[in-house]
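The next block holds one structure in the form of structure tokens; read it before the comments.
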Amino acid sequence: MNYILVFILGSIIGSFLNVCIYRLPRGESIISPWSHCPECKTPLAWYDNIPFFSYIALKGRCRECGTPISLRYILVEALTASVFLILYREFGLGIRFLTYIALMSSLIVISFIDAKYQIIPDEITIAGIILGIFFSFIFPTLQNVSTHLAGFLNSIVGAFVGGGSIYLTGLIGNIVFKKESMGGGDVKLLTMVGAFLGWKLALLTFFIAPVFGSIIGIILKVKRKAEIIPYGPHLSLATFVALLWGQRILDWVFFIR
């Protein structure tokens with residue numbers, strides 16, 4: 001029963017994330033007005049805004065003007081619901097689950113926006129850095145320590161190590177390639193991750209991300225002749241891996257002979 005409720009919660013949150021993905025790059029409010037068709041601007045009735053079911057019932061088209069609804073909407077809902085289920089299975093109900101669904105929800109929005117527009121909204125990363133430090137102070141067990149001060153300090157160090165590692169990489173890339181090789185949004189993204197997860201998992205994310213980036217980057221280069229490869233989705237995917245299996249990966253690497 002809990003899995004069903006978590007899935008429903010994830011799909012509802014996913015529906016809201018779609019609003020953020022559409023409106024944030026356009027500088028629009030994510031609170032008002034009510035959800036509407038991007039083409040004819042008709043406000044959606046509540047029964048046309050139910051995750052999954054409304055898309056299927058409408059056959060992927062606006063009820064009023066018949067404009068096709070992007071497949072992204074149902075994809076984000078399914079992805080968010082799936083991520084919630086995985087996190088629930090791994091951490092159960094508790095502060096870690098609530099904290100990590102907030103982190104992953106932010107990264108889902110970032111990934112879809114960066115993939116399309118090559119931007120990472122400061123509204124998400126700056127707020128995420130603050131929340132990561134705040135949660136680590138209030139709930140120090142998130143940083144695997146017992147005192148509020150230690151939780152706060154671990155989060156601060158994680159933020160600096162996460163952001164600093166990718167910032168230095170960007171500086172080196174600028175010198176080698178004679179052009180900007182890493183955006184400021186990526187720096188703030190990994191700073192946010194470090195604030196939530198601490199310096200060890202932030203560094204692990206930093207080293208895992210290029211694996212995904214190289215694979216997907218090659219595909220985009222070959223198929224689309226893309227010159228700019230958005231890095232936010234790769235950092236987000238690496239964060240998810242570090243979140244679920246990071247400590248086990250670190251233990252394996254540390255004890256390897």
Side-chain angles (χ1 to χ4, degrees), residues 1-26 28-117 119-121 123-124 127-128 131 212 216 219 230 232-241 243-244:
M1 184 63 179
N2 284 348
Y3 282 97
I4 296 175
L5 293 176
V6 169
F7 185 86
I8 292 173
L9 173 64
S11 63
I12 293 172
I13 297 298
S15 182
F16 173 69
L17 299 186
N18 272 313
V19 174
C20 298
I21 292 168
Y22 178 81
R23 296 188 184 185
L24 283 177
R26 294 170 170 80
E28 299 175 2
S29 169
I30 61 174
I31 305 300
S32 63
W34 180 256
S35 297
H36 56 274
C37 172
E39 186 66 26
C40 67
K41 310 302 180 185
T42 301
L44 301 183
W46 67 267
Y47 47 79
D48 286 339
N49 211 21
I50 302 173
F52 300 115
F53 296 105
S54 294
Y55 188 93
I56 296 171
L58 293 170
K59 298 180 180 179
R61 292 183 176 274
C62 172
R63 184 184 297 275
E64 294 297 323
C65 67
T67 299
I69 302 171
S70 172
L71 191 61
R72 187 205 75 220
Y73 286 88
I74 197 170
L75 175 61
V76 170
E77 290 168 357
L79 175 62
T80 307
S82 300
V83 167
F84 276 38
L85 281 178
I86 294 170
L87 292 177
Y88 171 70
R89 182 177 180 180
E90 182 72 17
F91 301 106
L93 288 178
I95 189 59
R96 284 187 182 272
F97 172 72
L98 295 175
T99 300
Y100 297 152
I101 64 173
L103 173 61
M104 289 311 305
S105 294
S106 299
L107 293 178
I108 288 172
V109 175
I110 285 172
S111 296
F112 279 87
I113 291 177
D114 194 28
K116 184 171 183 178
Y117 299 101
I119 58 173
I120 296 178
E123 296 95 327
I124 298 178
L131 284 178
F212 298 121
I216 298 175
I219 295 173
H234 310 136
L235 286 170
S236 299
L237 184 55
T239 299
F240 192 53
V241 172
L243 185 58
L244 294 177

Out of curiosity, Phe240 CZ to Ile86 CD1, how far, rounded to the nearest 0.5 Å? 4.0 Å

Applying salt bridge (Lys or Arg N to Asp or Glu O under 4.0 Å), name anything that partners Arg63, two or more places apart in sequence or on another chain. Asp48

Between Leu75 and Phe112, is the side chain to side chain contact (heavy atoms under 4.5 Å, CB included) condition met? List the steps. CA-CA 11 Å; Leu75 175 61; Phe112 279 87; 4.1 Å; yes

What are the two closest non-hydrogen atoms of Asp114 and Ile120, and how far apart are they? CG-CG1, 3.9 Å

Looking at Ile124 and Ser106, what are the two nearest heavy atoms and their distance? CG2-CB, 3.7 Å

Let me confirm one number: the CG-CD1 distance from Leu58 to Ile50, rounded to the nearest 0.5 Å. 10.0 Å

Roughly how far, to the nearest 0.5 Å, is CD1 of Ile110 from CD1 of Ile21? 10.5 Å

Measure the spacing between OH of Tyr22 and CZ of Arg72 and express it to the nearest 0.5 Å. 9.0 Å

Consider side chain to side chain contact (heavy atoms under 4.5 Å, CB included). Of Val76, Ile74, Asn49, which one does Ser15 pass it with? Asn49

Please step through side chain to side chain contact (heavy atoms under 4.5 Å, CB included) for the pair Glu90 and Leu243, ending with a clear verdict. CA-CA 10 Å; Glu90 182 72 17; Leu243 185 58; over 6 Å; no

Over 12 non-hydrogen atoms of neighbours within 6.0 angstrom of CZ in Phe53: no

Considering all heavy atoms of both residues, which atom of Leu24 and which atom of Ile113 are nearest to each other, and what is their separation? CB-CD1, 4.1 Å

Heavy-atom side-chain proximity of Ser236 to Ile108 below 4.5 angstrom: no

Any heavy-atom pair between the side chains of Ile101 and Val83 that's under 4.5 Å? no

Please indicate whether Arg89 has more than 12 foreign heavy atoms, meaning atoms of other residues, nucleotides or ligands, lying under 6.0 Å from its CZ. no

Leu79 CG to Ser11 OG distance, which is reported to the nearest 0.5 Å: 12.5 Å

Whether Tyr88 and Phe97 hold their rings parallel, tilted or perpendicular, with breakpoints at 30° and 60°: perpendicular

Can you check whether Gly10's main-chain N or O pairs, donor with acceptor, with Thr80's side chain at less than 3.5 Å? no

Nearest heavy-atom approach of Phe52 to Glu77 is N-OE1, 3.0 Å

Residue pairs, two or more places apart or on separate chains, that pass ring pair (Phe, Tyr, Trp, His ring centres under 6.0 Å) and touch residues 54-86: none

Test side chain to side chain contact (heavy atoms under 4.5 Å, CB included) on Leu98 and Leu93; report intermediate values, then the result. CA-CA 8 Å; Leu98 295 175; Leu93 288 178; over 6 Å; no

Minimum side-chain heavy-atom gap Ile12-Ile8 below 4.5 Å: yes

For residues 34-42, tabulate all N or O donor-acceptor pairs below 3.5 Å that involve a side-chain atom, not counting sequence neighbours.
unit_1	atom_1	unit_2	atom_2	d
Trp34	NE1	Leu44	O	2.5
His36	ND1	Trp34	O	3.1
Lys41	NZ	Pro38	O	3.0

Might you point out which heavy atoms bring Cys65 and Cys62 nearest each other, and give the distance in Å? N-SG, 3.5 Å

Quick one: CZ on Phe91 to CG on Leu244, what's the gap to the nearest 0.5 Å? 6.0 Å

